[in-house]
Amino acid sequence: MRPYRHADTKGTLGESKVRKLLPLIGTPSGSHPGGRSAMTCRFRCGDACFHEVPNTSSNEYVGDVIAGALSRRSMMRAAAVVTVAAAGAGAVNVAGAPDANAAAGTSYRGDKNGKTRGARGLRFAPVAPNTADAVTVPDGYRQNVVIRWGEPILRGAPAFDPEKQTAKAQAGQFGYNCDFLSLLPLPGERNRQLLVANHEYTDEVLMFRGYDADNPTREQVEIAWEAHGLSAVVVEEDPRTGKLTAVPRHHLNRRVTATSEFRLTGPAAGSDLVKTSADPSGSKVFGTLNNCSGGTTPWGTTLHGEENFNQYFAGGSRATDKRYGIGTAGTERKWESFDKRFDLAKEPNEVHRFGYVVEFDPYDPTSTPRKHTALGRFKHEAATVRLTHDGRPVVYSGDDERFDYFYKFVSSKRMKRGSSRAVREHNLSLLDEGTLYVAKLTGDSPAIEIDGTGKLPADGEFDGSGEWIPLATATADGAVSHVDGMTAEEVFVFTRLAGDKVGATKMDRPEDIEPSPVTGKVYVALTNNTNRGVGSNAKADEANPRNANKHGQVLELTERWNRPESTKFAWSLFLVAGDPEDPATYFAGFPKDKVSPISCPDNVAFDPYGNLWISTDGAQLGSHDGLFGVATRGARRGELKQFLTVPTGAETCGPIIQDRRVLVAVQHPGELDGASVEKPASTWPDGPGTYVRPAVVAVWRADGCDIGV
């Protein structure tokens, strides 16, 4: 990319910059457990935190296996597992705000040449915690909104008019609540790339003036259907300023929604478990729901995880429904009143057709997206790909639920190089054959030493070994179950139950999972779990060492011999989130007075230097959510710095870290309790008198140089 001239855009969008530091308080007033507002819980996940924990299995826990029965040290000592050297009991209780240098890190004041110190890629002055109704970025950086909800991207789509919105219009416009983002190259089109975005869910209270939740209209429901799904839109860089803007009506622009056709593929396709009255073949599904994080494949497609799909279905009555959090009553959006497939009393198998990883080919506007049943059915968060030494894809994915598991799929087929139709069709089948695994972790300290406060065990480490337990293998000739009492089809459709049966490790909401392109280590974001150790729920273990865990942690996993197909691994806690002044926090051994406070890690990504970038969801420290970069190796390993914060009520999603640009999806801005179109809690991004709109934001350096160098 060419150097940019200084842009006119200010350092924040929607409001002047705020550098005020806030007290690092506990749960913000009015928020639900986990830090989200009640409105977010209501529309995003169907109030999951207020329902019974779906996982009631009695699996063995990490801390129940005492040292001496393990082989981790003899197997993996060379894995360089992190040492957690400075933690202990204690809750966050800070009466006042620290000064700016203390919170941001004294090493960030700049050296004698005026340059900001830090690991390469992280040399920027960190943004202070704040509650500005804006996107706040470091000094010397600029930004712009790339695309907003409702902007037309298809030919014939009208300009956005929220007072006269129709389902037909929304079907040609950018969808709502963007989450995962992917940027793909466009050979032959200078300064252009292809942006693919997920649209996780809709918030009808903020979409429609005078919305009556008890009596939604058919038009409102159909608009919401079309606002879900995916968008593909070409974006163009202005080399003079660094701005990135959408190119409307490009031939590759596309919308995929809750009414689009999808192809069900893999071992469960055609099974009696997925057949419905509308689809007796069990191979054609209409719609994708609640697409959260995802991944980009080496063969040029994008993957999208269907997460909280359970909340869209009414009338659940079976034990399998309960395990997936599907309620017996009606739903918040009442879609079951407008389409019988959302009423499980009428179409009991429809819900079995959701909860998969969707593969989307953005280069072929005529292609039918696929739902890969071989990757299992659960609340998918992420679907990130790493190739084995012989070219077989390995896909990592988390199940974003309290006390649920994380998984990987190892394909038995090799990726082919080339762009012919035959090669592309072959690569689109890579995720239909292979073995699905679930993770079981073992700590190397006695259970008595894991007391739930975050205090370190006697060996000074939260670490151990692990194994990938095979659940089922799919081949071209059929599928084989590795779980006693379950058929292969049952494993792939009721994957949570298969994980229960083999004793997988219950985790604190496994979300995004990302392998480092530099070291091969795999990082798992565990957002939080305020139910751990509460009542009869599972207590702390070595991988999830805090009861009532409201801040979360990041797990670092090293596959044996650094081969992603291995069934053995070592693990350690790389980061234990929270206020750095809380002794029960840890930043990979980096001095805690020189890091930014972080809470509730969610999406993760890597920059060109191997630094891990973490976006947060529901931060519990009194500041808005944001994006952070942290060094994963070298002398500054654990150096964590905040790069941006998002507006009131918003969550930071889908980070992309390029050499000269950072992109984030600003999801659900203004989503606070009591907010509505008539009484907005945020005026971002377009100011007073306008609808609050989820959007994608690009950030770059004003001098046109690389990010953080």
Atom pair [atom1]/[atom2] of [X] and [Y] - distance to nearest 0.5 Å:
| X | Y | atom1 | atom2 | result |
| --- | --- | --- | --- | --- |
| Gln620 | Asn528 | CD | CG | 7.0 Å |
| Glu307 | Asp179 | CD | CG | 8.0 Å |
| Trp684 | Arg693 | CH2 | CZ | 10.0 Å |
| Thr530 | Arg402 | OG1 | CZ | 7.0 Å |
| His372 | Arg370 | NE2 | CZ | 6.5 Å |
| Ile153 | Arg249 | CD1 | CZ | 11.5 Å |

Any side-chain donor-acceptor pair under 3.5 Å between [X] and [Y]?
| X | Y | value |
| --- | --- | --- |
| Glu219 | Thr217 | no |
| Ser182 | Thr302 | no |
| His624 | Thr645 | no |
| Gln165 | Gln170 | yes |

| task | Just do the side-chain contact (heavy atoms from CB on, under 4.5 Å) check on Gln553 and Arg546 with the steps written out, would you? | result | CA-CA 10 Å; Gln553 60 264 14; Arg546 294 181 294 190; 4.3 Å; yes

Short N-O contact, [X] and [Y], less than 4.0 angstrom:
| X | Y | result |
| --- | --- | --- |
| Lys275 | Asp272 | yes |
| Asp399 | Lys379 | no |
| Arg323 | Asp404 | yes |
| Glu163 | Arg209 | yes |

| message | Angle between ring planes, His228 versus Tyr312, binned at 30° and 60°: parallel, tilted or perpendicular? | response | perpendicular

| In terms of ring plane angle, is the pair Phe378 and Tyr407 parallel, tilted or perpendicular, where the classes change at 30° and 60°? | parallel

| message | For the aromatic rings, using the six-membered ring if either is Trp, is the centroid distance between Phe313 and Phe354 under 6.0 Å? | response |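 Phe313 vs Phe354: aromatic centres under 6.0 Å.
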
| Do His352 and Phe494 have their ring centres less than 6.0 Å from each other? | yes

Please find the pair of heavy atoms, one from [X] and one from [Y], that lie closest to each other, and give the distance.
| X | Y | answer |
| --- | --- | --- |
| Ala382 | Asp512 | CB-OD1, 3.0 Å |
| Phe360 | Pro362 | O-CD, 3.1 Å |
| Asp500 | Ser57 | OD1-OG, 3.6 Å |
| Cys653 | Ser615 | CA-OG, 4.3 Å |
| Gly330 | Ala314 | CA-CB, 4.0 Å |

| message | Checking side-chain contact (heavy atoms from CB on, under 4.5 Å) between Gln311 and each of Thr331, Ile326, Asn290, Leu289, which is the one that passes? | response |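 Result: among Thr331, Ile326, Asn290, Leu289, Asn290 is the only option passing the side-chain contact (heavy atoms from CB on, under 4.5 Å) with Gln311.
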
Could you check if a side-chain atom of [X] sits within less than 4.5 angstrom of a side-chain atom of [Y], using non-hydrogen atoms only?
| X | Y | answer |
| --- | --- | --- |
| Asn547 | Val534 | no |
| Asn529 | Lys506 | no |
| His668 | Tyr201 | yes |
| Gln667 | Cys292 | no |
| Glu261 | Phe286 | yes |

| said: Around atom NZ of Lys334, are there more than 12 heavy atoms from other residues, nucleotides or ligands closer than 6.0 Å? | reply: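 Check passes, neighbour count above 12.
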
| Are Met207 and Trp149 close enough, and set up right, to give a side-chain contact (heavy atoms from CB on, under 4.5 Å), and what steps lead you there? | CA-CA 10 Å; Met207 294 172 66; Trp149 162 51; 4.0 Å; yes

| message | Against the six-membered ring of Tyr324, is Arg377 placed for a cation-pi contact (under 6.0 Å from the centre, within 45° of the normal)? | response | yes

